[in-house]
Amino acid sequence: MNKTYEPQRIERDLYEQWERDGNFHTTAEAAGEPYCIVIPPPNVTGQLHMGHALDETLQDILIRWHRMKGDNTLWMPGTDHAGIATQARVEEHLRGEGTNRYELGRTEFLKRVWQWKEQYGNRISYQLRTLGSSCDWERERFTMDAGCSAAVRKVFVQLYNEGLIYRGTRITNWCPHCNTALSDIEVEHETEAGHLWHLRYPFADGSGYVEVATTRPETMLGDTGVAVHPDDERYKALVGKTLILPLVGREIPLFADSYVDKEFGTGAVKVTPAHDPNDYEMGLRHDLPQVKVIDNLGKMIDVGKYTGLDRYDCRKQIVADLEAGGYLVKVENHEHAVGHCHRCHTTIEPLISDQWFVKMESLAKPAIEAVKSGALEFVPERFTKIYVNWLENIRDWCISRQLWWGHQIPAWYCDDCGEMTVSETDVETCPHCHGKHLRRDEDVLDTWFSSALWPFSTLGYPQDTAELRKFYPTSVLVTGYDIIFFWVSRMVMMGLKFRGEVPFRKVFIHGLVRDEQGRKMSKSLGNGVDPVEVIEKYGADSLRFMLVTGNTPGNDLRFYWSRVESARNFANKIWNASRFLLINLEENSLSLVPSPLSLELSDRWILQRLSKTTAGVTRNLERFELGEAARLLYEFIWFNFCDYYIELTKARLYGDDAQAKSTALFVLTTVLEAALRLLHPFMPFLTEAIRQKLPNARGSIMLAPYPTVEEFADLATDDVEEIANVIFNTVRTIRNLKAELGIDSRKKAAVVLKVTRPEYAETLRAYARYIDVLAFAEPITFAETKPEHALSGVVDGLEIYLPLEGLIDVDKEIARLGKELDKLRKFAASLSSKLSNERFVSKAPASVVEAERAKLTAADEKVAALEQRIEQLKSL
RNA sequence: GGGGUUGUAGCUCAGAUGGUUAGAGUGCCUCGUUGACAUCGAGGAGGUCACAGAUUCGAGUUCUGUCAGCCCCACCA
C-alpha cells in the first residue's frame, strides 16, 4: 500500500469491476422498495462540465445510499438530441468543409448528424463513468431512439386529437441567426441602453402632425396605424383622422386603444402589427393590415431602397432620412428590455409565421394542484412558489422549430384536397380524398417536447412495461433551478396527462457551479473548469466531496481548487488511517473477534460516536442535506477516529497484552469498515478500494448494507461522552500550557492532576494513560495539594499542574490566570443573572434551566480554584 | 413592475424544530521529521453574526422595516 492515496491507479479498474459485475443493474422483479431517478439527459454530443458533475454527484449519492439500504434502485441514464445545439454544431462543421445543410439536402444532412452522434455520442457517457455514476447503463436511452420517438408520436397525436395541439399563424419569437421560431422561455430579456426616437407623422389633410415615440425606427416602414389612449384629452378630437406615413407615403389611421400608456413617450404609439407582439394584438383588434418588412434572416424586404439592408443598418439609414425630411423631433436615451436568443444571443425578431402550439392552461392546472396536494414536493421548498407562479401565468407553448434535427412533426398536407392529416404512422394516402400527393410538415419539435416525456418514455412508454409499472412515478428528480420551467414543469404536466400521476415525488433542486470570483462558468468567458481535468489530477472522490460539501440545497457554489485539495487531503487521511490498521493487522495475526471482548473507555467512546454519526448522517441524507451529512463524516473520521481514537489504540497495539491488542484491532476494524460504508455514497472509489482490503468485509461495498444505529446497538451501549470530554479537555489544557511555556509539543512534560469532582476520580485514574499519550505527558501524578512552582489550568472537575521548578515566572503566571479568571467570572455572572431571572426559571424548559445551573456550578468551581491558586502564587 | 435569494473570521461557506463561552475549510503566525498520514501533527491570532425595530425569560436562528449585492419573471412603444 502506497503512502499516499493515488486515485488514478484504482478508479478505472474499480468502475469496470462494478459494471462487469452488474452492480448498477436492476430489474423490475428485484426485491425491495422501488427507488428510481431518471437522469437529466445531457446533450448527446456535449461534454461533461461542472454543472453535470454536481448534478451527477448528488444523484449518485442518493442512488448509492438507497441501493445500500436495500431498495430496488434504478438510475436511468440517457442523452438528449438537443435539436438546435447539435444541429448548429454540425452546420458549423459543414461550413469548415465548405458546404451547408441546404446544399446537402435534408436526408443527407440528417445522415451526417447521425454520424456525428455516433462519433461523439459516447463521450459524455464515458465521462459520467469517470465520476463514478452508478447508472444502469444497460438501459441507456436517447431521446431520438425508437422508443422515445414512438412516445413522442403518440403524445403528439393524442394532444392534437384532443385539441390541445394546434397549428396557427401567430407572431412568435424568431431568431434570425438560428433561423427558427423559439418558445417564450427560450428568449432572454436583458435591459440595454437604447434610444427613444420622437417622430412626426403628418395628417393627410395637412392640419399638422402627431408625434410618436419609438425604440425601433426601422419598423416604421411596416406601420399601419398610430394608437392613442381613448381617454387621452390631447388626442380625443383627432382619433379617426388619417396620417401619412413618412418616407413611405402610406395612409394610416389614428385610432384609440386602451393598451396605450398615456404617460409614456408622447402618448402616441406607431403600430407595426407584423413586427411587434403588442402591435400585433392591436392590429387584430382594429383590423389593421400586417405589412411584413423584415425577413427570417433579419433583413429588410419589400421596402424599396431599403430592401436587403440588415435591420440595424436600415435603422441608421431610416433615422438619417427621417431627419433629412424633418420628421425627427428628438432622440432620447432610453433603457429597455430586449429579447435575445437563449442559444446564440442574437436579438430576437418577432415575426408572423405558421407554427404549432400546445394549449397549456388545462395541462397546467393539475400540475399546480400536484404541489398543493403534496403529491409533488420541491426541495428546498421555496422553488414551489416559482414553479406555481410560472404555471399560473403560462401561455401557449410554441413547439415547432424550423430545424431538421429532431422529431419531425407527424402532420401531412395533401396537395390534392388541401387537408391536413396528423397521424402516429406515416401517411401515404390522404384519408380525405385518397390522393397520393402528400407533403410532410417540414418542422421538427422543440427538444423539450421529447424531454417532457423522459420519465415515462425511458421506462418503456408507450408500451405497458414492467419497469413502467414498477418505477413510475420515479422517486426524485435532481436538477438545477435553471430548468424548472424548461423541463420540470413540462414533465409534470405530461406525466399527469399521460400517466395520471406525477413523474416524480420530489424535485431536488441545486444551484449553479461558479468560478472563484462567483461568475457563471461559460464558454465565452473561458472560465470553466473541466471536471475531467480535476478527476485526472485529484480523483473523482475529491471532486465529488468538494461539490457536495460547503453548500446548501438550491444555492450556487463556487469552485475552488483549494477545496478540491482539501477533499483530496481527506481522502489521503482515510487512506493512511486504513494503512495504519492494515499494517497492524498484518503484524498481529490475531483472531479478529476477541473473546471475551474487553472494551475500554476509548472503544466505547468511538463506538458511541459512530452510532451518533450514523444517526446524523442518515437524518441529513433523508432531508437532502448531503453537505451536512458529508461534514459529519469528515469530523467523525478526522477528528474523532484519527486524531484521538487511533492514537489511543497505539498503547495496546504496541503492548504485550494479546487480548487488549485483539480488542483494539477489532474495534478499529469495525469502526473503519462502518465509516467506509457510511462514506461510500460520497466517495465510492476510495471506500471500495480500502474495504476490499479489510478482513471483515466481502463483496462490493456498494452492495453492502448502509449502517444503521441498530447495527451498533450491542457495542455502543453506554454514553461515555461526558468523561471522554473531560479527558480531552484536560489534554487540550496541557497542550496549551506547554505551548505557553514554549515546550516542544512532542517533549514530555510532568503533569499533576488534582481531581475536584469525586465521581470522576476513579475513571480518570484508570485512564490517565490517555492523557499521557495525547498530551505527551510523563505518567500522570495525582495529588491533593497544589504544587507551587507550576503552570496551572482548570477544567470541569479537576485542576491541572505542570510543575516546572525554575522555569515559572510567577508574576506572568498570575497575570495569565487573572485574565482567565476575568473571562470565567464574566461567564459565571451572565449565568447567574440569567438564573436569578424569575421569568427565565419559570418559563424555560426544566432541562434548559438544569443545564444552565450545571454550567454555573462548574464555572463557580473553576473561579474558586483559580482564585485560590492566584492567592497561593501571590504568597510565594 | 412583481417574485426570490444572499449579507456570519482576510477569503469560501456550515450553523433542523429559537436555549453550549458562534463553527469548519482555506489563508496567516509560532513550533514540530520516534514508522498511518508534512496531502501531516500541536498551538495561536482573527467575528458587536449588514443595520434598526418587534416578539420572547432567551434571537445568528422568528417577524417588520432599511441598506447593499445577486438571480428569475414581466408585451410600456
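The chains referred to below are lettered A, B, ... by the order of the sequence lines, with proteins before strands, and numbering in each begins at 1.
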Have a look at [X] and say if it touches a base, only the backbone sugar-phosphate, or nothing, with a 4.0 Å heavy-atom cut-off.
X	result
A:Trp561	nothing
A:Ser566	sugar-phosphate
A:Val260	base
A:His229	nothing
A:Lys823	nothing
A:Lys385	sugar-phosphate
A:Glu381	nothing
A:Pro350	nothing
A:Gly616	nothing
A:Tyr5	nothing

Whole-angstrom distance between [N] and [M], as gauged at atom [atom1]:
N	M	atom1	result
B:rA50	B:rA16	P	15 Å
B:rA59	B:rC71	C1'	28 Å
B:rC51	B:rU6	C1'	15 Å
B:rG58	B:rG18	C1'	8 Å
B:rU48	B:rU8	P	12 Å
B:rA68	B:rA52	C1'	15 Å
B:rC49	B:rU61	P	10 Å
B:rG15	B:rG7	C1'	15 Å

Establish, from distance only, whether the side-chain atoms of [X] and [Y] form a donor-acceptor pair under 3.5 Å.
X	Y	answer
A:Tyr645	A:Asn640	no
A:Ser183	A:Glu186	yes
A:Asp184	A:Asn173	yes
A:His198	A:Glu332	yes
A:Asn2	A:Glu6	yes
A:Asp556	A:Tyr481	yes
A:Lys855	A:Thr857	no
A:Ser542	A:Lys537	no
A:His340	A:Glu192	yes

Syn or anti conformation of B:rA74, syn meaning chi within 90° of 0: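 This nucleotide is in anti.
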What residues from residues 186-195 of chain A pass a heavy-atom cutoff of under 4.0 Å to RNA chain B?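 When residues 186-195 of chain A is checked for heavy atoms under 4.0 Å from RNA chain B, there are no hits whatsoever.
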Which nucleotide in [options] has an atom nearest any side-chain atom of [X]:
X	options	value
A:Lys855	B:rC37, B:rU21, B:rU26	B:rU21
A:Asn569	B:rC40, B:rG25, B:rC37	B:rC40
A:Asn736	B:rA36, B:rG44, B:rA77	B:rG44
A:Phe827	B:rU21, B:rA77, B:rA36	B:rU21
A:Trp638	B:rG41, B:rC57, B:rC40	B:rG41
A:Ala739	B:rU39, B:rC72, B:rG43	B:rG43
A:Asn278	B:rC57, B:rC75, B:rU34	B:rC75

Salt bridge check: are A:Asp231 and A:Lys262 linked by an N-O gap of less than 4.0 Å?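 Answer for the salt bridge query: no.
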Hey, could you give me the CG/OG distance between A:Leu581 and A:Ser578, rounded to the nearest 0.5 Å?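 One finds 7.0 Å between CG of A:Leu581 and OG of A:Ser578.
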Measure the CG-CD1 distance between A:Asp223 and A:Ile252 for me, rounded to the nearest 0.5 Å.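 Spacing of CG (A:Asp223) from CD1 (A:Ile252) equals 5.5 Å.
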Specify the residue among A:Asp643 and A:Glu263 whose closest nucleotide of RNA chain B lies further upstream toward the 5′ end.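 Upstream on the strand: A:Asp643.
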Nearest-nucleotide 5' precedence on RNA chain B, A:Ile583 against A:Leu831: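 With A:Ile583 and A:Leu831 compared, the 5'-side residue is A:Leu831.
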Listed once per pair and sorted, the side-chain hydrogen bond (donor to acceptor under 3.5 Å, both in side chains) pairs that draw on residues 827-837 of chain A, sequence neighbours left out: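 Output for this query lists A:Lys834-A:Glu852.
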Dot-bracket for RNA chain B, please. Rules: Watson-Crick or G-U, both distances under 3.5 Å, ( ) within the strand, [ ] when a pair crosses earlier ones, | for another strand, . otherwise. (((((((..((((.....[...)))).(((((.......))))).....(((((..]....))))))))))))....
Can you give one letter per nucleotide of nucleotides 11-18 of chain B, going 5' to 3': B for a protein heavy atom under 4.0 Å from the base, S for sugar-phosphate only, - for none? SSSSSB--
Return a single string for nucleotides 58-64 of chain B, one symbol per nucleotide in 5' to 3' order, where B is base contact, S is sugar-phosphate-only contact and - is none, cutoff 4.0 angstrom on heavy atoms. -------
Parallel, tilted or perpendicular: which describes the rings of A:Trp638 and A:Tyr634, with under 30° parallel and over 60° perpendicular?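 If you compare the ring of A:Trp638 with that of A:Tyr634, the planes turn out tilted.
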Using whole Å, report how far [atom1] of [X] lies from [atom2] of [N].
X	N	atom1	atom2	result
A:Phe641	B:rA36	CZ	C1'	10 Å
A:Ile185	B:rC75	CD1	P	13 Å
A:Tyr481	B:rC72	OH	P	8 Å
A:Lys650	B:rG41	NZ	P	11 Å
A:His198	B:rC76	NE2	C1'	14 Å
A:Glu635	B:rG23	CD	C1'	8 Å
A:Asp482	B:rC73	CG	P	10 Å
A:Asn729	B:rG43	CG	C1'	16 Å

Report, as yes or no, whether the 6.0 Å neighbourhood of atom NZ on A:Lys650 holds more than 12 heavy atoms from other residues, nucleotides or ligands.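 Yes, because the 6.0 Å sphere around NZ of A:Lys650 holds more than 12 heavy atoms from other groups.
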Donor-acceptor pair present, A:Lys573 side chain and B:rC37 base, under 3.5 Å: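 Side chain to base: pair present.
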Can you see whether A:Trp390 has A:Lys385 sitting over its ring - NZ or CZ less than 6.0 Å from the centre and within 45° of the normal?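 No, A:Lys385 does not lie over the aromatic ring of A:Trp390.
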Positive for side chain to side chain donor-acceptor pair (under 3.5 Å) with A:Thr219, one of A:His275, A:Lys270, A:Glu349: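 Exactly one candidate clears the test, A:Lys270.
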Which residues pass the salt bridge (Lys or Arg N to Asp or Glu O under 4.0 Å) test with A:Lys823, not counting sequence neighbours?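 With sequence neighbours excluded, A:Lys823 shows a salt bridge (Lys or Arg N to Asp or Glu O under 4.0 Å) to no residue whatsoever.
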